[in-house]
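Owing to the predicted nature of the structure, the values given are computational and were not obtained by experimental measurement.
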Amino acid sequence: MKKLRYAALALLLLLSGCEKKQTLIAPASLFVLEDGDVTSLGIQPGDTPEEFQEAYGDYTIQVAYENTGYTPMSIKRIPYEEPISTMIANFFINGEPISDEDLCRDNDIEPEDLYSLLSSYEYLTNHEVIYRYLEFSWEDGVIADINSGELYYNETFETPYRG
């Protein structure tokens, strides 16, 4: 059930992010937490919006309010004082990071068709698909918690990569 929740989250991000231009595509190392709650760029609970902006200003940031899906937002316009979550996420195809926009272009599909492509038996038997994310919870203008995770599509959709 948890895997399906993350698949649905990934779908929401796909539909909201395919047409947005991503400044940098996050490398795998960006999604690793050190000592349990410190990011590879040194951001940790208690850090301020200014520290967050300095570290992640070159990446596409998604924002969610309580009980809402994630939506891209300018890092300077995020309402850090509100109880929100921010996220940096992207796909890795055969180990290489790729933006949603590039996935759409490379496969000659519309953004709304991306989830169908990435969950299809044909695509998954020919590609290893991993969705990685780094999520920050905000309270009273500081980072309250940081989570990192990934969803391995080949396992989720029970389709082994045969490449």
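The distance from atom CD1 of I130 to atom CD1 of I93, rounded to the nearest 0.5 Å, is 9.0 Å. N147 CG to M87 CE: the interatomic distance, rounded to the nearest 0.5 Å, is 9.0 Å. Here N154 contributes atom CG and T125 contributes atom OG1; the two are 9.0 Å apart, rounded to the nearest 0.5 Å. Here CG of D37 is found 8.0 Å from CG of D145. Values are rounded to the nearest 0.5 Å. Expressed to the nearest 0.5 Å, how far CD1 of I146 lies from CD of Q44 amounts to 7.5 Å. Distance check: D140 CG to E82 CD gives 11.5 Å after rounding to the nearest 0.5 Å.
The side-chain contact (heavy atoms from CB on, under 4.5 Å) test with T86 is passed by exactly one of I75, I143, I78, L134: I78.
Taking the side chain to side chain donor-acceptor pair (under 3.5 Å) definition, one finds that E51 meets it with T48, sequence neighbours left out. A search for side chain to side chain donor-acceptor pair (under 3.5 Å) contacts involving R77 returns nothing, not counting sequence neighbours. Residues satisfying the ring pair (Phe, Tyr, Trp, His ring centres under 6.0 Å) test with Y56, not counting sequence neighbours, are F52, F136. Residues that satisfy the side chain to side chain donor-acceptor pair (under 3.5 Å) test with S40, not counting sequence neighbours, are absent from this structure. Y65 meets the side chain to side chain donor-acceptor pair (under 3.5 Å) test with no other residue; sequence neighbours excluded. For Y80, the ring pair (Phe, Tyr, Trp, His ring centres under 6.0 Å) partners at least two apart in sequence or on another chain are W138.
Put simply, the side chain of S29 never gets that close to the backbone of P27: no donor and acceptor are under 3.5 Å apart. Of the possible donor and acceptor atoms, none in the side chain of T68 sits under 3.5 Å from a partner among the backbone N and O of A64. Judged by distance alone, with hydrogens and angles left aside, the side-chain atoms of D58 form no donor-acceptor pair with the main-chain N or O of L24 at under 3.5 Å.
Within 6.0 Å of CG on D108 lie no more than 12 heavy atoms contributed by other residues, nucleotides or ligands. Remark: E139 CD is loosely packed, at most 12 non-hydrogen atoms of other residues, nucleotides or ligands lying under 6.0 Å away. Heavy atoms from other residues, nucleotides or ligands lying under 6.0 Å from CD of E34 number more than 12.
The minimum heavy-atom distance between E128 and Y161, with the atom names listed, is N-CD1, 3.6 Å. Annotation for L117 and Y123: closest pair O-CB, 3.2 Å, computed over non-hydrogen atoms. The minimum heavy-atom distance between S85 and Y70, with the atom names listed, is CB-OH, 3.2 Å. For the pair P111 and C104, the tightest heavy-atom approach, listed with the atom from each and the gap, is CA-SG, 3.8 Å. When all heavy atoms of N90 and A26 are compared, the pair lying nearest together is OD1-CB, 3.1 Å. Annotation for V129 and L124: closest pair CG2-CD2, 3.6 Å, computed over non-hydrogen atoms.
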For this session: List the steps, then state whether side-chain hydrogen bond (donor to acceptor under 3.5 Å, both in side chains) holds for S116 with D113.
Result: CA-CA 5 Å; S116 294; D113 297 326; 5.5 Å; no
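Y153 has its ring centre less than 6.0 Å from the ring centre of F91.
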